[in-house]
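Here the structure comes first, spelled out in structure tokens, and everything after it is commentary.
Please read these numbers as outputs of a predicted model, since none were measured by experiment.
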Amino acid sequence: MSRRAWMAIVTLLGVLLVAAGAGAAATGNRRLMMLAVCVCVLPLLCFALMKRPGVLASIPGIVLGFMPFAAVPGTGFPLVIALTLLLIVLAVVHPSKDLPKIGPLGVIVTCYLLFSLISAVATYHGSQTLVEYAKWALAMGAMVIVLLMEVSLRRILFGAYGIAAAVGALFSVGMLLVDRSGSWVNRFSFLGYGGSIAVNERTASVGGSVVARAAGLYVDPNSAGLFFLFAIAVAAYALRGTLLVVVVGALSIGVLATLSRAAIASLLLAAAFALLFSKISAGKRFAGSVLLFSGVFAAFMVPAVSSRLFDSFGSGDIGSTARIDALRRYPGHMSGNWIFGRGWDLREFSDPFYGYTINHAANTPLIVIYRAGLLTGVVFVIVLIIALVLGFRAMRAGRHGAAIQTGVLFALVLIAFQLDFPVVTMPPLAMAFALVLASIQSQAIETATRDRIGDGQYTKAIEAYSAPANAVTPAGPRARTEETIAW
């Protein structure tokens, strides 16, 4: 079909959509309005799926990066988890040509999902148990789904998440400067944010005074810090040049503005790791070191940042005392529940005040065991080990962004995951972490493929797959690429 015909169809559908929406609005029939929107939008989605799949691939990344806790209007269901279904469709219509498809990390993540399912069935207390597992499984399973997508769409998704998170970081800092009460969040109430009685301001006690913390549309400053760290790792793989520098800079500022001790310490460790172990010239390493030390010095000149970190080592720090107390109580909490865990539909994960009373361990591997049992916890640790091994291999091969990817993951495992746990209990954060794992496995597959067919041939193949159907590329017509490139 010609481009003019497609434009005519799109225009006609747009007119029908406006007419149907206006009629439904005039009659006040909300169900009719939703039906009209679905009927008219579906053909547009089909058109985009076949002709502009990159646009669809970017949507989940934008939502996850900028407003990860948005809900499907009228349902309360996480929007980003619903958009995982869109990724499944893209993976089916535009499958990856990589070999292997999901690699060892994808296999062990699949095992992680299966062991978690066994624990959910073993601790079943009602339908809500399976609902909670399904939301988490869709989020974590995004890692495998993304690897099954065409590599060009995969990069678009990663890049969209990194850029959207950078915009979200600057938005959060802007709120911190001009809207400390968080009233801007209420503008997104139609997506489940804020509300008339919501308290959107986030603060911390630093040096005896109350200091505002950046949270933006990430609800909690600690969660925001994790989202920004994950975005740095993903962006390092998908983006290049000045854009990458700007995105990483914005995300780093966002991490500092959250005043999350775990996130700030992880950021500093990741930067030092990348500088020490990346394959760059001595001149670039020196320039990077100067830039890093200058940034650290400037950050620590801000009293809120320096006090927030250094006060953590004092005996009067309430958070540190509570964590030590939680570790003492952990064996008692797990008594009789070591094999399959305490269950998935737990009040302490949905009710923050009750969770504060329970004072469960703020540690990612321990919370995996707490909810899903010791066997699942062991599989999760294996996931982290394999991801680190793949990251180190790509870094030693000198692949673009591998040092930053591995540095962030190393810092997360060593610091952030030891001090916080929402990556296990919050589906949007689980999905963001799934993208980090997918980017690391994608980097490993790309490294193996480049070693097998050569950098030049690999670049031509990527150009061929990214081009429109039957377009002539340096590798020949796209339709023939599958036959001519030995993936």
Side-chain angles (χ1 to χ4, degrees), residues 57-73 75-87 132 134-143 145-146 156-175 182 184-195 198 200 202 213-235 238 247 250-251 254-255 257-258 260 262-263 349-350 352 364 408 412 416 420-439:
S58 66
I59 294 175
I62 293 172
V63 174
L64 183 64
F66 185 72
M67 51 176 64
F69 293 100
V72 178
T75 67
F77 191 82
L79 177 60
V80 73
I81 305 304
L83 289 173
T84 306
L85 302 177
L86 178 59
L87 297 180
E132 293 300 320
K135 289 192 294 186
W136 172 85
L138 276 173
M140 197 66 202
M143 184 268 179
I145 297 169
V146 168
I156 290 174
L157 171 64
F158 292 152
Y161 170 53
I163 294 172
V167 174
L170 296 179
F171 180 78
S172 302
V173 173
M175 285 183 58
W184 286 1
V185 175
N186 296 331
R187 299 178 184 272
F188 298 89
S189 59
F190 69 100
L191 292 173
Y193 280 99
N200 300 319
R202 300 293 182 264
R213 304 174 64 187
L217 296 176
Y218 305 91
V219 178
D220 178 75
N222 293 334
S223 298
L226 287 175
F227 273 113
F228 299 155
L229 285 173
F230 293 159
I232 290 174
V234 172
V247 166
L251 292 169
V255 170
T258 64
S260 170
F349 295 146
S350 59
T364 297
V408 170
L412 288 170
D420 221 335
F421 62 91
V423 70
V424 180
T425 59
M426 296 181 179
L429 266 170
M431 185 172 176
F433 181 56
L435 292 191
V436 174
L437 296 178
S439 69

Subject >> Donor-acceptor contact below 3.5 Å, side chain Thr258 vs main chain Ala215 >> reply: no
**OP:** Name all residues meeting the ring pair (Phe, Tyr, Trp, His ring centres under 6.0 Å) criterion together with Phe69; count only those two or more places apart in sequence or in a different chain, and write none if there are none.
**Re:** Phe227
Subject >> Whether Tyr161 side chain and Ala432 backbone form a donor-acceptor pair below 3.5 Å >> reply: no
**OP:** Please name all residues satisfying side chain to side chain contact (heavy atoms under 4.5 Å, CB included) with Pro78, sequence neighbours left out, ordered by chain then number.
**Re:** Ile81, Lys135
**OP:** Looking only at non-hydrogen atoms, find the nearest pair between Gly162 and Val247 and report the distance.
**Re:** O-CG1, 3.6 Å
**OP:** Give the C-alpha distance, both sets of side-chain angles, the deciding distance and a yes or no for side chain to side chain contact (heavy atoms under 4.5 Å, CB included) between Asn222 and Arg213.
**Re:** CA-CA 10 Å; Asn222 293 334; Arg213 304 174 64 187; 2.9 Å; yes
Subject >> OG1-CG distance between Thr364 and Leu412, expressed to the nearest 0.5 angstrom >> reply: 9.0 Å
Subject >> Step-by-step side chain to side chain contact (heavy atoms under 4.5 Å, CB included) determination, Val436 to Val408 >> reply: CA-CA 10 Å; Val436 174; Val408 170; 5.9 Å; no
Subject >> Point-to-point distance, once rounded to the nearest 0.5 Å, from CG of Leu64 to CG of Leu435 >> reply: 6.0 Å
Original post:
Do Asp220 and Pro422 have side chains that get closer than 4.5 Å, going by heavy atoms?
Top reply: no
Subject >> Results of ring pair (Phe, Tyr, Trp, His ring centres under 6.0 Å) for Phe230 - residues two or more places apart only >> reply: Phe433
Original post:
What pairs with Ser58 under side chain to side chain contact (heavy atoms under 4.5 Å, CB included), at least two apart in sequence or on another chain?
Top reply: Ile62, Ile156, Ala160
Original post:
With Leu79, which residues qualify under side chain to side chain contact (heavy atoms under 4.5 Å, CB included), at least two apart?
Top reply: Val63, Ala70, Val72, Leu83
Subject >> Residue pair Gly159 / Ala238: nearest heavy atoms and the distance that separates them >> reply: N-CB, 3.6 Å
**OP:** Of all the heavy-atom pairs spanning Ala164 and Gly61, show the shortest one and how long it is.
**Re:** CB-O, 4.0 Å
**OP:** Show your reasoning for whether side chain to side chain contact (heavy atoms under 4.5 Å, CB included) applies to Glu132 and Phe349.
**Re:** CA-CA 11 Å; Glu132 293 300 320; Phe349 295 146; over 6 Å; no
Original post:
Heavy-atom distance under 4.5 Å between the side chains of Val80 and Pro68, does that happen here?
Top reply: no
Original post:
What are the two closest heavy atoms between Ala430 and Met140, and how far apart are they?
Top reply: O-SD, 3.9 Å
Original post:
Which pair of heavy atoms, one from Pro60 and one from Ala57, lies closest together, and at what distance?
Top reply: CD-O, 3.4 Å
Subject >> Shortest non-hydrogen separation from Ala169 to Ala250 and the atoms involved >> reply: CB-O, 3.6 Å
**OP:** Evaluate the ring planes of Phe66 and Phe188, with Trp represented by its six-membered ring, and classify them as parallel (under 30°), tilted (30 to 60°) or perpendicular (over 60°).
**Re:** perpendicular
Subject >> Minimum side-chain heavy-atom gap Leu138-Pro427 below 4.5 Å >> reply: no
**OP:** Drop me the distance from Thr84's OG1 to Met431's CE, to the nearest 0.5 angstrom.
**Re:** 4.0 Å
**OP:** Please list, chain by chain and in numerical order, all residues satisfying side chain to side chain contact (heavy atoms under 4.5 Å, CB included) with Ser172, sequence neighbours excluded.
**Re:** Ala214, Tyr218, Phe228
